[in-house]
Amino acid sequence: MVSLTFYGGVDEIGGNKVLLKDGDTRVFFDFGQSFTMGCEFFTSWLAPRGINGLGDYFEFGLLPKLKGLYAKEQLECTDVPYVKPRFDAVFLSHAHFDHVTHIQFLDPEIPVFLGVGTKLFLEAMEKTSSFTRYGEHEYRTFRTGDKIKVGGLVVEPVHVDHSIPAAYGFLIHTSGGTVVYSGDLRAHGPRRDMTEEFIDKARDCEPVTMVCEGTRMVEKEKRKNYSEQQVKTLSSKVVSSTKKIVFVTRYSRDMDRFRSFYNVAKSNGRKIVVSPKTAHLLSRLVEDKRLDLPDPLKDENILVYYKRKKSGEFEQKDYYVWEREFMDKLATYEFVHENQGELVMDLDFYQFAELIDVKPKAGSHFIHSMSEPYSEEDIEDQVMHNWLDHFRMQFHQLHASGHLNRPQLTHLVNDINAKRIFPVHTENQQLFKDTTSNVQMIKYAKEFAL
Ligand SMILES: [Zn+2]
C-alpha cells in the first residue's frame, strides 16, 4: 500500500513534513518548522529550552511522537523511548526555514538528501549564526537528472524557480504510480525555464497524485507583486534618478534578488555594500558554478561593511574568524558616509542602528524588497517607518514573490493533470476545488491511502 501523511504544512503556509509510505519504505519530504509554531505558548525570548530536547515540543504537541525518527539525545527528557531508525530517508526541497529547520531533531542515522546548493546554504547558515544548528547528518547531495533509489521508491529531483537557489520538486516513483511533490515554486523569476521543465517531466509521468503548494491560493491578492525583472527595472530607475545613497532590504537567502541589486548597482556605476554574512554566503555559493553569482573576494563591485567595534580600529581580532576573510573589501561607516552617491547598500532591518553612524543625507532612498506586512498593526513595519522618517528617507516597496499566483497554480494543476491533488503549504485548501474536481483536503497526521 502507498500512503501520504501530513505532519506539517496543513492549513498553513510553511512547516512541510510529508510522509510517504510504500510497503516497508518510509520517507519524509521536507522537515521544516512552521512560522507560527507554538505561538500560543512561546513568544519572543520565551522559547523551547534546548536542554530539554524534544520535551518542550512534545508538551504542546508541536512535533509528532513517531518512534524511530528522532535522535537519542533529543528523546532523553521525553516519554518516547529511543529505537533504531524506522524511516529510510528525508528529502529536502530547498533551504528555506519552513522546509528544513526541524531536521535538527532527526536520528543522525537517517540520511538526508538535498541539492548541492542546499547543502552549501545549510553550512553557511550554521557558520554565521549562533542560533542555527541542524544537527549531525549523513548528507547525500543530488542534482536534476539523478534517480535516487530508496527502498521500493525511486526519487527524481527536478529543479524549479523559487526565491532561493537550488530549489527542487520531486517525482516519486512508487509501486502505485508516480507522486509529484511541488516543493515551493514560481514562474516569474530568472529561471522560469526550470519550473517549465519540472511541469513537463511531471506531466510525462502521468502521475496518480500531486502534493501541491498553495501559498498564493487566495480569494483576492492584497499585496503588490512584481516579476523579478520588474523589480530590477524599477530599482534601477530609483538608483539612476538620484545622487544619494540607496539602501535595500531583502530576504537574506534570496540570491536572485541579490543578483538583481548587484546588477542595478553595477549598471549605474555604483558598488554594492553587503554584510560579512552575505559575503560568506556568496563565497560558499560560488562553489556551485551553475548559480552564476559573483565572488565577493574577487569582484571589485562588492564591498563588505564591518560594524564599528569598541576599539574603533577595524582590526581583524575584533571579528569572528569567518568574518575576517573579507577585510580587504572593508567599507567602514565613514567610508559609506563619504561615498553615499557611489553606493547601494544591503541593509537588514535588524541592522538599522548602523544608520546612526552612516548618517545618510536627507532624501536618500530605501527599497523594501520583501513582502508587505500582513497587518496594519505590524510593529516592525511601524518601527521601520519611524526610522525612515527620522532620517528623512524615501520609501519604495518593490518585491517579487517566490510563489505561483492563483491563475498560475490553476495552470500548474491542469498541466500536470494528476489524478488527485493534495494541497499543502496553504491557508485555503478549499480554493483548489476550483481548479479540478479531484482535490483531497488534508488533515494533520491523517493517513491517506493512494
Ligand atoms: Zn520556500
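Order of appearance sets the numbers: ligands from 1, and atoms from 1 within every ligand. Since the structure is predicted, the reported quantities are computational estimates derived from the model, not experimental observations.
The number of heavy atoms from other shown groups lying within 6.0 Å of CG (L46) is above 12.
Protein N/O/S atoms found under 2.8 Å from the Zn ion (ligand 1), listed by chain and residue number: H94 NE2, H96 ND1, H162 NE2, D184 OD2.
Of the options V154, D204, V158, a side chain to side chain contact (heavy atoms under 4.5 Å, CB included) to L171 is made by V158 and by none of the others.
R290 pairs by the side-chain hydrogen bond (donor to acceptor under 3.5 Å, both in side chains) definition with nothing, not counting sequence neighbours.
No salt bridge links R26 with D88; every basic N to acidic carboxylate O contact stays at or beyond 4.0 Å.
Taking the centre of each ring, H399 and Y251 come in below the 6.0 Å mark.
Ring orientation note: the planes of F113 and F91 are close to parallel, at an angle under 30° on the 30°/60° scale.
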